[in-house]
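What follows is a short report on a single structure.
Quick note: numbers below take in every heavy atom, side chains included, and nothing from hydrogens, waters or symmetry partners. Bear in mind the structure is a predicted one, so any value in this text is a computation, not a measurement.
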Amino acid sequence: MSNSFWIFGVRTAGCLHFVTLVLACFTPIPPNWDENLAKLPPIHRRFSVAQNFSIGAMIAMLGLFSLLFAPQLVGGAPLARAVCGVTALFWGGRALVLPWIGVRPTLTTARLRLGYALLLIECTTFALAYGWLTVRATG
């Protein structure tokens, strides 16, 4: 596949990072989030909020890198490979962790089930694509 294909793909992935962030803001998973957090000690609440913020910030940064530096990421320089590797690890980790969290019982509508399936597909696709950019031969 040509570099122009990969550049387009990386930029598309960059846009999808932000689509994912926006959708996450409107997804009611888990249900009763605020009520459940209120029952926890303050340190656990803060940890939960900080963790979500960190995940969101990471998705935003990876999206920005993908949008702004797609040609460089595809170019295969050592730093670009490192960024692609980190991106692949992040999304691969999400693909493994999401099923472990056990949200399936809370996916009460077809829309939520479809969204969750698409999220898993996105995570896996990003992990494989950015992983490939990490290890592929260039030149």
Side-chain angles (χ1 to χ4, degrees):
M1 289 184 223
S2 71
N3 278 359
S4 59
F5 170 83
W6 280 102
I7 291 168
F8 176 77
V10 168
R11 285 192 174 131
T12 301
C15 291
L16 289 173
H17 280 78
F18 289 100
V19 169
T20 302
L21 275 179
V22 169
L23 291 174
C25 292
F26 297 102
T27 303
I29 299 174
N32 306 318
W33 175 259
D34 292 333
E35 292 173 28
N36 290 329
L37 280 181
K39 297 173 189 173
L40 295 174
I43 193 166
H44 292 186
R45 283 196 303 271
R46 288 190 299 270
F47 181 79
S48 222
V49 170
Q51 187 71 17
N52 278 347
F53 180 79
S54 296
I55 291 168
M58 184 69 167
I59 292 171
M61 291 310 302
L62 296 175
L64 275 177
F65 289 160
S66 296
L67 284 171
L68 299 177
F69 303 110
Q72 292 84 353
L73 293 176
V74 171
L79 183 58
R81 288 178 187 263
V83 170
C84 288
V86 166
T87 306
L89 285 172
F90 174 81
W91 288 106
R94 299 272 300 159
L96 293 173
V97 166
L98 284 170
W100 174 78
I101 292 172
V103 299
R104 285 197 187 271
T106 66
L107 304 174
T108 56
T109 66
R111 193 171 170 180
L112 288 174
R113 289 187 292 277
L114 174 64
Y116 181 70
L118 290 173
L119 178 60
L120 289 176
I121 290 168
E122 177 187 47
C123 291
T124 304
T125 302
F126 285 179
L128 293 173
Y130 285 98
W132 173 246
L133 288 173
T134 303
V135 300
R136 78 183 181 124
T138 58

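Minimum heavy-atom separation, A127 to A88: O-CB, 3.4 Å. The minimum heavy-atom distance linking T87 with H17 is given by the pair CG2-NE2, 4.5 Å.
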Considering only distance and modelled atom types, tabulate donor-acceptor pairs under 3.5 Å from the side chains of residues 59-79, sequence neighbours left out.
unit_1: S66; atom_1: OG; unit_2: L62; atom_2: O; d: 2.9
unit_1: S66; atom_1: OG; unit_2: Y130; atom_2: OH; d: 2.6

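Residue F90 holds its CZ atom at 5.0 Å from CZ of R94, rounded to the nearest 0.5 Å. In this structure, OG1 in T125 is found 10.5 Å from CG in L120, a value given to the nearest 0.5 Å. With values rounded to the nearest 0.5 angstrom, T134 atom OG1 is found 8.0 Å from L89 atom CG. Taking OG1 from T124 and CG from L128, the interatomic distance works out to 6.5 Å, rounded to the nearest 0.5 Å. Atom CG in N52 sits 10.0 Å away from atom CZ in F47 (nearest 0.5 Å).
No more than 12 heavy atoms of other residues, nucleotides or ligands shown are found within 6.0 angstrom of CD1 on I43.
L98 places a side-chain heavy atom less than 4.5 Å from the side chain of I101. In this structure, the side chains of P99 and Y116 come closer than 4.5 Å at one or more pairs of heavy atoms. Looking at heavy atoms from C-beta onward, L37 lies in side-chain contact with L40 at the 4.5 angstrom threshold. Side-chain contact between E122 and L119: present, with at least one pair of heavy atoms (C-beta onward) separated by less than 4.5 Å.
Using a 4.5 Å cut-off between side-chain heavy atoms of Ile, Leu, Val, Met, Phe, Trp and Tyr, with links allowed through other members, F53 and L23 fall into different hydrophobic clusters. L107 and I121 end up in different hydrophobic clusters when Ile, Leu, Val, Met, Phe, Trp and Tyr side chains are linked at under 4.5 Å. Linking ILVMFWY residues whenever their side-chain heavy atoms come closer than 4.5 Å, directly or via other members, leaves V103 and L114 in distinct clusters.
The aromatic rings of W91 and F126 stand perpendicular to each other, their planes meeting at an angle above 60°, with 30° marking the opposite boundary.
At distances below 3.5 Å, at least one donor-acceptor pair connects side-chain atoms of R81 with backbone N or O atoms of R136.
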